[in-house]
Structure formats: structure tokens, C-alpha cells
Protein chains: 2
Amino acid sequence: MANMTSHIHCQNCSMAALCLPYQLDQEGMARLDTIIQRHKPLHKRDVLVNAGAPLKFLYAVRSGSLKSYTIDDNGVEQIIDFHLPGDLIGFDALARSEHRSYTQALETSMLCEIPVSSLDDLAEQMPGLRRQMWRLMSGEIFTSKQLLGTLNNRSAQQRLAHFLVTLADRFKERGLSSRSFRLTMTRADIGNYLGLSVETISRILSALQLEGVIDVQNKLVNVIEPTRLRELAQ
Amino acid sequence: MANMTSHIHCQNCSMAALCLPYQLDQEGMARLDTIIQRHKPLHKRDVLVNAGAPLKFLYAVRSGSLKSYTIDDNGVEQIIDFHLPGDLIGFDALARSEHRSYTQALETSMLCEIPVSSLDDLAEQMPGLRRQMWRLMSGEIFTSKQLLGTLNNRSAQQRLAHFLVTLADRFKERGLSSRSFRLTMTRADIGNYLGLSVETISRILSALQLEGVIDVQNKLVNVIEPTRLRELAQ
DNA sequence: ATTTGATTTTGATCTGCATCAGGAAAACGT
DNA sequence: ACGTTTTCCTGATGCAGATCAAAATCAAAT
């Protein structure tokens with residue numbers, strides 16, 4: 001019996017331009033597609049990978065959103081990333097062939113499963129794929145290092161504004177509205193990620209709304225003055 | 001005329017195990033060696049790469065140390081990394097084929113210059129080299145994301161302790177003492193990197209010395225109680 | 001509908017670190 | 001060796017954001 005989602009292929013995936021297939025020709029995309037499996041849908045709070053688990057697959061987000069986090073010596077969760085459609089999950093695991101962080105769905109999410117060993121074979125034969133792997137990993141290196149500097153020396157408002165701007169930009173890249181979007185993570189998640197308390201997140205969101213920069217209804221954010229928000233992020 | 005340093009090769013470099021040659025066989029190392037140039041020595045404050053410059057080479061640190069930083073919209077320096085022997089510089093540039101940060105020598109330093117285009121060719125033919133590239137980039141992704149979580153939610157003392165422990169561990173990997181080492185960066189650099197003021201760095205170093213955890217003489221650090229320091233870093 | 005638990009908001013207080021200020025000690029250049 | 005500059009240390013003050021506390025809102029389950 002054919003899988004219901006068997007008609008989904010890299011060739012017709014709207015996230016291809018952000019994902020591994022970027023700049024591959026038709027034949028290359030088809031070859032990549034043969035090694036990729038569609039993962040069963042994840043529901044909110046489902047855990048995709050556990051820290052310490054051996055690396056077998058990289059995952060590409062097809063829809064939904066997820067968070068990655070570590071658990072420190074005190075058992076405290078430390079969120080290190082939020083994943084949106086088109087993102088790849090697992091680059092941090094290549095170094096030791098074992099996952100270094102947990103990844104959990106923030107909402108119902110669809111994923112593609114990419115066997116690492118096959119990917120390695122394919123990278124040998126496909127210079128374009130190799131280059132895209134480098135590009136994606138390099139991009140992650142830059143953004144996470146950049147973020148370090150950005151967060152470290154900035155005020156709570158600057159951090160949160162930066163977070164919202166970055167999120168808006170990422171939605172835009174994905175063909176979604178950068179003016180109006182839904183926060184799939186909780187205020188606590190945002191605070192954890194930015195190194196701020198829940199209360200501070202809540203207060204600053206209220207303040208930004210009062211100033212007319214954004215409009216927040218629960219999880220829904222409307223950016224009223226994108227330029228102003230970008231200024232606040234510096 | 002033969003270059004004075006022409007006798008330096010990957011095959012006899014003590015940093016090979018941390019660097020690109022890791023796990024390559026003799027032949028592989030020799031092939032890699034053919035594409036690598038030795039860069040002229042850098043002196044303190046010399047700039048190796050400028051942000052915005054097209055990416056031509058990756059650099060491997062053979063000796064000395066350097067810092068990488070961006071300059072934000074307000075003209076403020078943001079240090080994003082310190083490089084020690086064996087480290088590769090430029091992974092963040094692969095994504096856009098242009099450097100995203102400045103890199104400056106903290107002391108007299110020797111570097112190897114690796115042409116990216118040749119490296120790409122070689123990666124096609126050498127699975128081991130390809131794997132090591134992935135390993136190194138993956139490691140950078142993990143450490144920088146990890147650092148984000150670590151720094152964000154921790155006190156000044158925890159941050160500085162973490163910085164010292166990480167530095168000590170890196171010296172150890174390189175066959176140097178993890179108990180006694182020299183800080184080649186200024187207190188201001190450390191503060192900038194950790195998101196703390198110079199004064200705070202100075203005060204905490206004094207406090208740690210008072211508690212007998214470390215002994216600081218100017219740039220020289222002696223770790224008296226490594227276990228205690230690690231505890232303070234959490 | 002009602003309960004239950006999770007999430008968000010708002011207020012009050014307290015503290016860790018930035019900032020300001022001044023001086024001491026190294027490092028550097030001549 | 002000397003002055004100059006950079007780096008480092010220490011004290012005093014103030015404020016941004018953590019923490020504590022409690023109410024309000026939302027979401028899931030029965």
C-alpha cells in the first residue's frame with residue numbers, strides 16, 4: 001500500500017531553496033530524494049531526538065516548529081535553538097556521531113529523515129550537495145557566534161526585539177508574513193533562550209505594545225512598525 | 001630560494017590531530033600538504049582577515065593566538081572567538097564566500113593558508129578529509145550554541161570560571177599545561193567576549209585568587225584547585 | 001459546563017553588575 | 001632610562017532585571 005505522503009518529494013517541496021536541495025539540478029534533486037524518508041508526524045511535545053543518542057539521521061523540517069535544548073548538571077533545560085520549516089536538525093551531532101541536544105516539537109510537525117551515511121556517499125559524488133552542506137553549517141556557525149555577541153552586551157528590550165526581528169526575517173525567507181505570525185514557543189521558552197526571566201519577556205511585550213511597535217494577542221504577534229522594531233534591536 | 005619554514009609540513013606538525021589532517025593516512029596528509037601554504041608570521045595587532053573580504057583561504061593556527069570579532073552598527077567591537085594552535089579560522093565565511101568577521105593576532109602567530117577551492121577539490125577525492133571538515137564545523141556549531149546557553153543564564157563568576165576551564169581544557173588538548181597558562185588577551189577582551197565589564201573581570205579574578213582557587217600574576221594564571229574551578233563553572 | 005493545570009500578566013522588593021572615578025602598575029616607544 | 005600610553009585594580013553609587021508573590025487568562029480533559 002502506498003504511503004499517503006509518498007507524493008511529497010524534494011522536487012516539489014516549497015522549502016527546497018532553504019534546504020539541502022538548494023541549487024541542485026533536476027537529476028541531483030532526484031538522487032537526493034531517493035535517500036530521504038518521510039518521518040511520521042510529530043505532535044506537540046513529542047521528542048524527535050535525545051541527547052546522547054547515536055546519530056543516524058539528519059532531519060529537515062517540512063512543517064511546524066521545534067526547539068533544541070540541553071539539560072545541564074542541575075537538570076535545568078537550556079534552549080539553544082528554534083527550528084522552522086526548511087531548517088536542518090543535527091549538524092551539532094556530526095562531530096561525535098551522537099546527538100548533543102534534545103529536540104522537541106512545539107506543535108504538530110512534519111519532518112524528512114536523511115540517513116547520514118547515504119548523505120556522505122552522495123556528497124562524494126555531488127559537488128553541489130557538498131557545497132550546500134558547507135553553506136548550511138557555515139551559516140549556523142556564523143549566526144550562533146553572532147548571536148553570542150548580540151545577546152551578551154545588550155539590554156532585555158534589545159534582545160527581545162532582536163529575537164522578533166530574526167523570527168520575522170526567517171518567516172519572510174519561508175514565504176510567510178513577516179508582519180503577522182504566531183509564537184509557537186511559550187514566553188518561558190523565549191526567556192530561557194534569551195537569558196531573561198518570563199516576567200521580563202511579558203513586561204517588554206506589553207511595553208512594546210503600549211508604544212505601538214507591535215500588537216500581541218496571546219501567541220499572535222502583529223508587527224505594526226517594523227522599522228522601529230529593527231531600530232530597537234540595533 | 002627555499003623558504004626558511006619550508007621544512008614545516010602537516011606530516012610533522014604537532015597540531016595535526018586537532019586540525020584538518022586528523023585521521024588521514026600518510027598519502028592523504030601529503031596531498032593535503034601540497035595545497036597548503038605557510039603564511040608569513042603575524043605580529044601582535046596584525047589583522048589577518050577583514051570582515052567583508054572575499055573568502056580565498058581558510059587559516060590554521062600553527063602557533064600563537066588570535067581573536068575574531070565583528071563591528072556592530074555603533075562601531076563597537078564584539079569578540080566572537082579566540083583561536084589557539086590547531087584551530088581553523090574562516091568556517092563562518094563559507095556560507096557567503098566572504099569573511100563575516102575580523103581576525104587579529106593577540107601575539108606573534110604563525111599560520112597555514114588553505115585555498116578553499118583546492119580544499120573543495122580534495123574533499124571530493126578524500127572521504128576522510130570531508131569527514132574531518134564536517135567534524136570540525138559540527139564541533140564549532142555545538143560549542144557556540146552550548147556557550148550561548150551557558151553564558152546567558154549564568155552569573156559573572158560562573159561565566160569567567162567557565163571561560164578559564166574551557167581555556168585550560170583547550171591547552172590540555174594541545175599538549176600544554178592546563179594548570180598554568182598565559183592569557184594572551186586583555187581583561188577588556190575577556191569582558192567583551194563574556195558580556196561583562198572590565199572591572200567585573202578584574203574583581204572576580206581577585207576574588208578567585210583570594211579564595212585560593214587560582215593564582216593570577218598579571219597575564220599568568222595558575223589554577224590551584226581545578227576541581228573547585230570546574231564546580232564554580234557549574 | 002467544570003475542573004485542573006499551564007501559561008501569562010502585573011506589582012513590589014532586592015541584588016548583581018554596570019558605570020563613574022581615581023590611582024597603580026605594566027608595557028611600549030624613544 | 002625616561003616619559004607616555006595602555007592595562008589593571010579598587011571603591012562608591014545607581015539601575016536593570018531577577019526574584020518573590022499572587023491574580024488573571026487560557027487550554028485540555030472529563
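Quick note on labels: first sequence line is chain A, next is B, and so on, each numbered from 1. Note that this is a predicted model, so its numbers are computed, not measured. Basis for what follows: all heavy atoms, side chains included, without hydrogens, waters or symmetry-related copies.
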Take the protein atom [atom1] of [X] and the nucleotide atom [atom2] of [N], then report the distance between them rounded to whole Å.
X: A/L151; N: D/dG17; atom1: CG; atom2: C1'; result: 15 Å
X: A/E199; N: C/dG11; atom1: CD; atom2: C1'; result: 11 Å
X: B/Q157; N: C/dT15; atom1: CD; atom2: C1'; result: 15 Å
X: A/L205; N: C/dT8; atom1: CG; atom2: C1'; result: 10 Å

Looking for any heavy atom pair under 4.0 Å, which part of the strands does [X] touch: base, sugar-phosphate only, or nothing?
X: A/L196; result: sugar-phosphate
X: A/T200; result: sugar-phosphate
X: A/G195; result: sugar-phosphate

Salt bridge present between B/K56 and B/E98 (N-O < 4.0 angstrom): no
Secondary-structure string, 5' to 3', Watson-Crick or G-U under 3.5 Å, | for another-strand partners, for DNA chain C: |||||||||||||||||||||.||||||.|
Under 4.0 angstrom between [X] side-chain N/O and [N] OP1 or OP2:
X: B/R187; N: D/dC9; answer: yes
X: B/N218; N: C/dA27; answer: yes
X: B/S206; N: D/dT10; answer: yes

Parallel, tilted or perpendicular, as decided by the 30° and 60° cut-offs, for the rings of A/F163 and A/F82: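 Taking A/F163 first and then A/F82, their aromatic rings stand perpendicular (interplane angle over 60°).
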Gap separating the CG atom of B/L194 from the CD1 atom of B/I201, nearest 0.5 angstrom: 5.0 Å
